[in-house]
Amino acid sequence: MAGDTRLVLLGPPGSGKGTQAEILAQRMGVPAISTGDMLREAVAEGSDLGRQVESIMSSGALVDDDTMAEVVRERLGRQDAAKGFILDGYPRTLPQAETLESILQRSGAELDAVVLVDVPEEELISRAVARGRSDDSADVIRERLRVYREKTRPLVEHYQERRLLREVDGYASIEEVNRRILDAVA
Ligand code: ADP
């Protein structure tokens with residue numbers, strides 16, 4: 001359908017992509033879907049999923065691809081996502097990118113763009129320390145950055161090859177980064 005928006009925000013932990021996802025979602029009238037928020041809610045509720053992922057999340061590791069596929073398939077299948085979405089935190093691995101592709105294919109949809117919000121690592125560490133969330137202790141931050149470099153960063157090339165990647169320098173104010181993203185996807 002014309003006017004649909006399907007974006008993925010890609011970036012290291014603390015890059016501000018969650019904040020940007022919310023702003024873009026408001027503006028474009030589609031839901032912001034954060035797999036990190038969904039998992040944290042599951043943990044808070046103490047659901048089966050929450051109990052399954054709690055210790056994995058607090059170690060800085062990734063939840064396994066099969067579990068994430070189930071979570072995302074269910075979420076994208078809901079009515080509010082039919083007209084589009086801003087995905088934040090998924091995909092995080094190459095197999096997840098393939099899962100997303102096949103979910104979208106089945107409904108005849110495709111991504112408009114994948115926006116890489118890039119921020120220098122020193123800045124990410126100081127932001128994370130300031131944020132002080134429970135999964136943000138110094139060791140866990142380092143582990144999450146390591147996992148990002150190893151598992152998630154390869155998605156940059158993957159989406160470059162598909163001509164979907166738009167790179168945005170995320171080392172600026174929230175408003176400025178938002179402007180850069182809007183320019184990049186226009
Ligand atoms: P941030 O935005 O700070 O990078 P998130 O809130 O997106 O982090 O995710 C927090 C944690 O939730 C991750 O460290 C990971 O354990 C889990 N998680 C979220 N999304 C995924 C995913 N797509 N695949 C695997 N694990 C995930």
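We count residues from 1, following the sequence as given. In each ligand, atom 1 is the first atom listed, and ligand 1 is the first ligand listed. Predicted model only: the values in this text are computed from it and were never measured. The analysis underlying the following values was restricted to heavy atoms, covering all of them including side chains, and did not include hydrogens, waters or symmetry mates.
For ligand 1, one of its N or O atoms has an N or O atom of Val63 under 3.5 Å away. Taking distance alone, with nitrogen or oxygen atoms compared against 3.5 Å, Ser34 stays at or beyond that limit from ligand 1. Ligand 1 has an N or O atom lying under 3.5 Å from an N or O atom of Gly89, backbone or side chain.
Put simply, the side chain of Leu111 does not reach to within 4.5 Å of the side chain of Arg162, judged on heavy atoms. Residues Leu145 and Pro13 have side chains in contact (heavy-atom distance under 4.5 Å, counting atoms from C-beta outward).
Listed by number with element, the atoms of ligand 1 under 4.0 Å from a non-hydrogen atom of Gln96 are 22 (C), 23 (N), 24 (N), 25 (C). Of all atoms in ligand 1, numbered sequentially from 1 with element shown, those under 4.0 Å from a heavy atom of Lys17 are 2 (O), 4 (O). For ligand 1 and Thr35, the ligand atoms under 4.0 Å from any heavy atom of the residue are 19 (C), 20 (N), 21 (C), 23 (N).
When all heavy atoms are compared, the tightest approach of Tyr159 to Ala97 is OH-CB, 3.4 Å. Taking every heavy atom of both residues into account, Leu9 and Lys17 meet most closely at CD1-O, 3.3 Å.
Residues that satisfy the side chain to side chain donor-acceptor pair (under 3.5 Å) test with Glu41, not counting sequence neighbours, are absent from this structure.
Between atom 5 (P) of ligand 1 and the options Glu54, Met57, Arg92, the minimum heavy-atom separation is to Arg92. Here the shortest heavy-atom distance to atom 14 (O) of ligand 1, taken over Met38, Arg144, Lys151, belongs to Arg144.
Residue contacts with ligand 1: Gly18 is excluded, as none of its non-hydrogen atoms falls under 4.0 Å.
The pair Glu70-Arg73 fails the salt-bridge criterion, with no side-chain N (NZ, NE, NH1 or NH2) lying under 4.0 Å from an Asp/Glu carboxylate O.
At a 4.0 Å heavy-atom cut-off, ligand 1 touches Ala61 through the backbone alone.
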Requested in this report: Assess whether side chain to side chain contact (heavy atoms under 4.5 Å, CB included) is satisfied between Leu24 and Leu182, documenting all intermediate values.
Outcome: CA-CA 8 Å; Leu24 293 168; Leu182 291 172; 3.7 Å; yes
